[in-house]
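The figures that follow rest on heavy atoms only: side chains count, while hydrogens, waters and symmetry mates do not. For ligands, and for the atoms within them, numbers begin at 1 and follow the listed sequence. Computed from a prediction, not measured in an experiment: that's the story for all the values here.
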Amino acid sequence: MSGAALAQASPVPGCAEAPVLRERGQREVFCGLTGIIWLHRKIQDAFFLIVGSRTCAHLMQSAAGVMIFAEPRFATAIIEERDLAGLADANEELDRVVNQLLARRPDIRLLFLVGSCPSEVIKLDLSRAASRLNATHAPGVRVLNYSGSGIETTFTQGEDACLAALVPEMRADPAPGLLVVGALAEVVEDQMRRLFAALGIGPVAFLPPRRAAELPGIGPGVRFLLAQPFLAETARLLEARGARRLAAPFPLGAEGTTAWLRAAAEAWGVPATRFREVTAIGEQRARTAIARHRGPLAGRRIFFFPDSQLEIPLARFLSRELGMRPVEIGTPYLHRQHLAEELALLPADAVLSEGQHVDRQLDRCRAARPDLVVCGLGLANPLEAEGFATKWSIELVFTPIQGYDQAGDLAELFARPLHRRATLMV
Ligand code: SF4
């Protein structure tokens with residue numbers, strides 16, 4: 001059965017009236033392996049070894065593009081037919097590949113064995129392989145594992161799985177502190193650090209860290225802010241270790257960034273006047289940068305296909321700060337608790353959909369005739385050929401978009417396809 005089902009009204013604040021269209025069927029999404037592309041740049045002494053097939057290697061090659069020539073810190077150990085014949089051989093082969101890799105790359109401190117569809121289907125036990133390899137390579141290298149397979153994960157859920165694998169590695173630390181969770185570009189992380197320092201909030205740590213040895217401590221004193229909306233499992237594990245999540249919208253746009261910072265400021269008891277002093281200039285700068293793109297975007301109708309789970313925060317930003325009108329906001333997975341603050345800020349008439357039945361969704365998109373469609377690469381060109389302006393959603397994950405100083409760039413990412421279209425039509 002793959003039909004769409006119109007669910008009961010979901011109990012979410014602000015959107016309590018809006019039903020969520022839950023769909024199951026053919027999907028046009030990436031698997032979680034793609035998360036490696038930004039994660040390997042972030043954790044600078046980590047290596048990601050995918051245990052998969054040639055298909056997985058091809059996916060990474062296409063998605064990473066030119067980076068594959070720059071000695072990246074990821075690779076695929078390809079499961080050959082020979083390995084399929086006997087799991088014992090596959091384990092031996094994996095150990096051999098890892099030993100060779102670590103001998104050749106002494107800079108690696110953290111090695112992730114990343115599961116794929118083929119490794120899961122043949123039931124290769126990567127957690128056992130990780131503990132076996134740990135015994136050989138500790139303490140110089142820590143070996144962990146997680147799944148990035150298309151069976152278990154969609155696109156950014158690969159990051160969630162990776163960070164979730166790091167949580168048990170965090171040392172117990174009863175000291176109070178703020179933990180920012182979710183891979184952010186370094187420039188964004190540095191800006192956030194400066195803002196928290198000016199507010200007197202700290203100590204502040206980031207997960208993932210830039211280096212394996214900088215993995216922060218965790219305990220009941222820690223309050224954490226999610227910087228990304230797709231970290232359900234990581235958040236659950238952090239809470240299981242006593243940390244508490246600070247509920248907030250995500251730091252996209254001027255409004256989102258201020259609300260996100262405010263959640264930490266309130267938890268730290270920062271006086272309101274001090275908060276305004278520290279945030280006013282950045283917020284104003286963001287509003288000015290955003291206003292430059294309002295003209296072409298205000299009043300335009302936008303349709304989101306599900307991709308990264310960033311769709312809801314993006315729709316909130318585009319509707320409230322740029323005057324766009326979300327027609328349908330598709331998300332691969334809707335975590336109501338983490339998105340409660342976002343849902344409360346969405347326009348009441350926006351349709352929310354969770355999961356995908358791509359043909360039905362294409363039909364709805366065609367019927368709605370939106371001015372801009374946010375979708376993956378597989379749908380973008382065919383939709384352009386049908387006369388739709390599209391925005392590739394993958395760029396929203398690879399580009400620094402969080403915080404005040406990126407708010408103008410974020411607005412521009414949506415203005416550009418409309419601008420290009422107008423230019424080409426002249
Ligand atoms: S993990 Fe699965 S979905 Fe992803 S590239 Fe490999 S085979 Fe394809």
Undergrad: Taking the side chain as everything from C-beta on, heavy atoms only, tell me whether Tyr146 gets closer than 4.5 Å to Thr153.
TA: no
Undergrad: Number the atoms of ligand 1 from 1 as they appear, then name those within less than 4.0 Å of a heavy atom of Cys117, with their elements.
TA: 1 (S), 2 (Fe), 3 (S), 7 (S)
Undergrad: Any side-chain donor paired with an acceptor under 3.5 Å for Gln309 and Thr156?
TA: no
Undergrad: Verify the distance test for Cys31 against atom 4 (Fe) of ligand 1: any N/O/S atom under 2.8 Å, yes or no.
TA: yes
Undergrad: Any atoms of ligand 1 less than 4.0 Å from a non-hydrogen atom of Gly150? List them with their elements.
TA: 1 (S), 2 (Fe), 3 (S)
Undergrad: Starting from atom 5 (S) of ligand 1, find the nearest protein heavy-atom neighbour and note its residue, name and distance.
TA: Cys56 CA, 3.6 Å
Undergrad: Can you name the nearest heavy-atom pair linking Pro400 to Val188, along with the distance?
TA: CB-CG2, 3.9 Å
Undergrad: Phe303 ring centre to Arg369 NZ or CZ under 6.0 Å, with the angle to the axis within 45°?
TA: no
Undergrad: Of all the atoms in ligand 1, which lie at a distance below 4.0 Å from a heavy atom belonging to Ser116?
TA: 1 (S)
Undergrad: For atom 8 (Fe) of ligand 1, what is the nearest protein heavy atom, given as residue, atom name and distance?
TA: Thr55 CG2, 4.0 Å
Undergrad: For the residue pair Phe155 and Phe30, is the inter-centroid distance of their aromatic rings smaller than 6.0 Å?
TA: yes
